[in-house]
Number of protein chains: 2
Amino acid sequence: MSHTNHHVPTIVIGRLPLYLRALTQLAVEGRRVTSSQELSEKLGFSSAQIRKDLSYFGEFGKQGTGYEIEFLENALREILQVDRVWNMALVGAGDLGHALANYDGFELRGFRITAIFDSAPAKIGAMLGNWRVLPMDTLRETVRAQKIYLAIIAVPAAAAQAVADELVQGGVRAILNYAPTTLSVPPQIKVFHIDPVAGLQSMTYYL
Amino acid sequence: MSHTNHHVPTIVIGRLPLYLRALTQLAVEGRRVTSSQELSEKLGFSSAQIRKDLSYFGEFGKQGTGYEIEFLENALREILQVDRVWNMALVGAGDLGHALANYDGFELRGFRITAIFDSAPAKIGAMLGNWRVLPMDTLRETVRAQKIYLAIIAVPAAAAQAVADELVQGGVRAILNYAPTTLSVPPQIKVFHIDPVAGLQSMTYYL
DNA sequence: AATCCTTTGTGCTTTTTTTCCCAAGTCTTG
DNA sequence: CAAGACTTGGGAAAAAAAGCACAAAGGATT
């Protein structure tokens, strides 16, 4: 079967990291094998959906047994291209930028911040984690020189579009956007938005 | 037409906060009126989808003209129940907790942190923003006494489930979960997950 | 007041996503 | 080694979501 060739729906791709996360958790607990049924209970997706999602990429399980955890973990890492560590630029050295720069959960899951930028003279030059905060006007060339393809925007909404434009100019291809605003970027650039308030608002609807 | 009665798909509810966010932005820019077409360009959803989503709740626009921004904003705030300010508990006073406690973007969009908890003796008693960090073992009763129905979990993954259990015991009905793990809660409790790494991983697939 | 340009709300169609279901294969037990 | 208990992968059906397209109506212009 010619897996991988078909276009895989975005919604499926969005679930793979959650499968991977659950598998890693199981592995840490010392487990060797799991099943779509068990993952289903852990994650809240149906077991059929998990099996079908995986079937877009190949056959990873064994009938009657389930999935060998380490094997499936590695397969998913390869599919998602996180079988390596990606360097990232962080733009914005405020409270959120600090939290992100100090977060130790990136590295094991395929990411690492290697350049930090801010526009405030008071912050430029200061150390944040292992890195010195650089001025915004060096962003484009630094990102290009270091071949950084991923960036995190952690600046106020009003500044976010200008930052995105600079990042794209520097060759960044995917942006994790914490600013509560939509970004306008060329179609080949990926953007993932994180807006906690939007999440909260969609929950209060149900209260 | 008996709007509002039909069950509204979750996916529609998830888009409403984005519509509201865009409308507020337009209002700040001094705009009075907009159209599904303009919102479509700003947000990246089709104009038909925006109109259909809104039609679940009533008729807010005027043919030939579009939508009166302030009117639609207020309607959405009412629908989402953010025409008030919800008190929230924040659990976890680490870097992320600090960033959240100091974030000034909550209040205008319907939320406010009014109680902060941590388990580390070193942090308990310290001030964070306007609030003193309280010990975890006062969580349940404090949340119940203050009638807090929303909470943010900003603790390590390993501690998240226990925190969630306490929150639910205290009467919390919706949780914004920053811990990179699935939470197991009773079905009537809403959980919204924020996992930046999962977002990054779903983007690297395409690089 | 007629014409033209706009834009909504929605019935209908198409596409996407999820679920159902089972043949086929694996493992365990007696 | 036969029987029974599991579990996968995937075709087919069902359900959900998105998009199309247009009647109806507002407003501007002549």
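We use all heavy atoms of the structure for the numbers below, so side chains are in, but hydrogens, waters and symmetry mates are not. Lettering of chains follows the sequences in order, A, B, ..., and the numbering in each one begins at 1.
For the 3.5 Å distance criterion, the side chains of A/Q161 and A/S184 fail to qualify, holding no donor opposite an acceptor.
When the P atom of C/dT15 is taken as reference, atom CD of B/Q49 falls 16 Å away, rounded to whole Å. The distance from atom CD of B/E59 to atom C1' of C/dT7 is 13 Å, rounded to the nearest whole Å. In this structure, the CZ atom of A/R51 is 15 Å from the P atom of C/dT18, given to the nearest Å. In this entry the distance linking OH of A/Y56 with P of D/dT8 reads 18 Å, nearest Å. For the pair A/I50 CD1 and C/dC20 C1', the interatomic distance rounds to 16 Å; values are reported in whole Å. Distance, B/D53 CG to D/dA18 P: 7 Å, rounded to whole Å.
Residues that satisfy the salt bridge (charged side-chain N to carboxylate O under 4.0 Å, His left out) test with A/E70, not counting sequence neighbours, are absent from this structure. Judged as a salt bridge (charged side-chain N to carboxylate O under 4.0 Å, His left out), and not counting sequence neighbours, the contacts of B/R31 are B/E38. A search for side chain to side chain contact (heavy atoms under 4.5 Å, CB included) contacts involving B/P186 returns B/V168, B/Q188, B/I189, not counting sequence neighbours. For the side-chain hydrogen bond (donor to acceptor under 3.5 Å, both in side chains) test, no residue two or more places apart in sequence or in another chain qualifies with A/Q49. With sequence neighbours excluded, no residue forms a side-chain hydrogen bond (donor to acceptor under 3.5 Å, both in side chains) with A/S119. For A/S36, the side-chain hydrogen bond (donor to acceptor under 3.5 Å, both in side chains) partners are A/R51, not counting sequence neighbours. With sequence neighbours left out, the side-chain hydrogen bond (donor to acceptor under 3.5 Å, both in side chains) criterion links A/Q81 to no other residue.
Ring geometry for B/Y205 against A/F57 counts as perpendicular: the plane angle is over 60°, on a 0 to 90° scale with 30° as the lower cut. In this pair, A/F45 and A/Y19 present their aromatic rings perpendicular. The plane angle is above 60°, beyond the 30 to 60° band.
DNA chain D is contacted by B/R15 of residues 12-27 of chain B, taking any non-hydrogen atom closer than 4.0 Å. Within residues 32-48 of chain B, the residues having any heavy atom closer than 4.0 Å to DNA chain C are, in order of number, B/S35, B/S36.
The base of C/dT17 has none of its N or O atoms less than 3.5 Å from a complementary donor or acceptor on the side chain of A/K52.
Side chain of A/T204 to backbone of B/L80: a donor-acceptor contact under 3.5 angstrom is found.
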Would you tabulate the pairs of protein nitrogen or oxygen atoms and nucleotide nitrogen or oxygen atoms of nucleotides 26-29 of chain C closer than 3.5 angstrom?
residue : atom : partner : partner atom : Å
C/dT26  : O4'  : A/Q63   : O            : 2.7

What are the atom names and distances for every N/O pair under 3.5 Å that joins the protein to nucleotides 14-16 of chain D?
none

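In terms of heavy atoms, A/R109 sits closest to B/A198 at NH2-N, 4.0 Å.
Nearest to the side chain of B/Y67, among C/dT8, C/dT19, C/dT10, sits C/dT8.
For the salt bridge (charged side-chain N to carboxylate O under 4.0 Å, His left out) condition, the pairs that include at least one residue of residues 162-177 of chain B, sequence neighbours left out, are B/R140-B/E166.
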